[in-house]
Amino acid sequence: MNIAVFGNIYQDNHIDAINGLLCALLNEGATIVAEKHFYEYIKERLPEMTMMKIVCDDSIEPNIVLSIGGDGTFLKTAAKIGEREVPIFGINSGHLGFLSGAQIDEYKEVAKTITKGDFMVENRILLEVNVDRDVRLPKKFALNEVAIQKNASASMLSMHTEINGSQLSTYHGDGMIIATPTGSTAYNLSVGGPIVHPACGCWVISPNAAHSLTIRPVVVPDNLEITVTTSSQRSSDFRLSVDGDSVCLPIGTTITLRKANHVVKVAQYKDYLFSKTLRNKLMWGR
């Protein structure tokens, strides 16, 4: 089995477990390639790891990808895999790890599960992002959310929002979040948006510090196109964030969001249940 490994480079506290994981995968007969920066990080700390090879993004053709880190690392991994739709198994060595299938200290079980192909794969939908400006977006697709935010020193932002060309509302406030079901437990949750099962086909539109008590989050089908045009009386620009990577855009920009033509394939243990994840990660019932 060919396995590609991605990870962040701030994992000195977990280096022994990472070493155990890589050795266990090799012992199970896997061929391992690694993303460049993670490869260099591992080689510096584990010089005896001579069986691992470096891989360029354009030449990735693995059976599965391992993402070692937190949810941020998983999002970056998904962005690099792009439209290849290779299953990604998240191994959490970070804080929450909502997208992860296992913890880093479970590396022996992970190695057996991966090499035997004894896992399930879920398709997670993506938001495709376009703007009517000649700018380079930090990312074209969002697995978690697209956030429209006023700049730190700016006044209230107005966001005229339409769904399939029909007006929904003009939101006034600090910003708004358009989240996928996968991202409903991320930034969306922190502003009071609903938790949505990742198998649902929908988007969540949640205001951020709305200047009206009657404005509430709304859930819409994922086959609808969302457009948002910004305006402001005192600001000349705002920030657009795509899965945490942001760019500054001029006021008056129109953002168009629609369902992407490809998905992210998230690998999990076969006994994975979303309800179990909510109980464990959010400590429901404790």
When you group the ILVMFWY residues by side-chain heavy-atom contacts below 4.5 Å and let the links chain together, are [Y] and [X] in the same group?
X	Y	result
I226	L249	yes
I177	M156	no
V219	L168	no
W203	I148	yes
F274	V196	no

Where do [X] and [Y] come nearest, in terms of heavy atoms and distance?
X	Y	value
L224	V220	CD1-CB, 4.4 Å
S232	I251	N-CG2, 3.6 Å
D71	S100	OD1-N, 4.4 Å
S184	P194	CB-O, 3.5 Å
P198	Y272	CG-OH, 4.4 Å
T115	M1	CA-SD, 3.9 Å

Heavy-atom donor-acceptor pair, [X] side chain to [Y] backbone, under 3.5 Å:
X	Y	value
E35	H37	yes
S235	D237	no
N63	N2	yes
Y41	Q11	yes
T31	G29	no
S246	S241	no
N19	I15	no
E145	A142	no
D243	L75	no
K43	M49	yes

Problem set entry | Ring centroid separation F89 to Y269 under 6.0 Å | yes

Problem set entry | Ring centres under 6.0 angstrom apart (H262, F141) | yes

If you measure from [atom1] on [X] to [atom2] on [Y], what distance do you get to the nearest 0.5 Å?
X	Y	atom1	atom2	answer
I125	D222	CD1	CG	4.5 Å
N92	H14	CG	NE2	8.0 Å
L126	N144	CG	CG	10.0 Å
L137	L240	CG	CG	6.5 Å
C248	F238	SG	CZ	8.0 Å
Q268	L99	CD	CG	8.5 Å

Problem set entry | Residue that, paired with H160, satisfies side-chain hydrogen bond (donor to acceptor under 3.5 Å, both in side chains) out of T229, T254, T170, T230 | T170

Exercise. Which is it for T227 and L257 under the side-chain contact (heavy atoms from CB on, under 4.5 Å) test, yes or no, and what are the steps along the way?
Worked result: CA-CA 6 Å; T227 58; L257 305 170; over 6 Å; no

Problem set entry | Test side chain to side chain donor-acceptor pair (under 3.5 Å) applied to N164 and E225, step by step | CA-CA 5 Å; N164 274 10; E225 181 179 272; over 6 Å; no

Can you find a heavy atom in the side chain of [X] that is under 4.5 Å from one in the side chain of [Y]?
X	Y	value
I3	P62	no
P221	C202	no
V65	P87	no
P217	I205	no
Q149	L157	no
L66	L25	yes
I215	S212	yes
I68	S93	yes

For this session: Check step by step if side chain to side chain donor-acceptor pair (under 3.5 Å) holds for T256 and N130.
Result: CA-CA 5 Å; T256 302; N130 291 284; over 6 Å; no

How about [X]: does its [atom1] atom have over 12 heavy atoms from other parts shown lying under 6.0 Å from it?
X	atom1	answer
K112	NZ	no
K76	NZ	no
R133	CZ	yes
Q167	CD	yes

Exercise. Yes or no on side-chain contact (heavy atoms from CB on, under 4.5 Å) for I178 and V204, after CA distance, side-chain angles and deciding distance?
Worked result: CA-CA 6 Å; I178 301 93; V204 181; over 6 Å; no

Exercise. Would N208 and K150 count as a side chain to side chain donor-acceptor pair (under 3.5 Å) if you check the C-alpha gap in whole Å, the side-chain angles of each, and the deciding distance to 0.1 Å?
Worked result: CA-CA 10 Å; N208 185 3; K150 72 172 188 177; over 6 Å; no

Exercise. Thinking salt bridges, do E128 and K259 make one under a 4.0 Å N-O criterion?
Worked result: no

Problem set entry | Note: K108-E106 ion pair, threshold 4.0 Å (strictly below) | no

For this session: Let me see the working for M176 and V228 under side-chain contact (heavy atoms from CB on, under 4.5 Å), right down to the final yes or no.
Result: CA-CA 10 Å; M176 65 187 301; V228 181; 3.9 Å; yes

For this session: Take R45 and D12 through the test side-chain contact (heavy atoms from CB on, under 4.5 Å) and record every step on the way to the result.
Result: CA-CA 9 Å; R45 287 154 180 78; D12 288 2; 2.8 Å; yes

For this session: Please name the residue in the list I81, V121, V266 that meets the side-chain contact (heavy atoms from CB on, under 4.5 Å) test with I88.
Result: I81

Problem set entry | Donor + acceptor pair across side chains of D118, T113 (<3.5 Å) | no

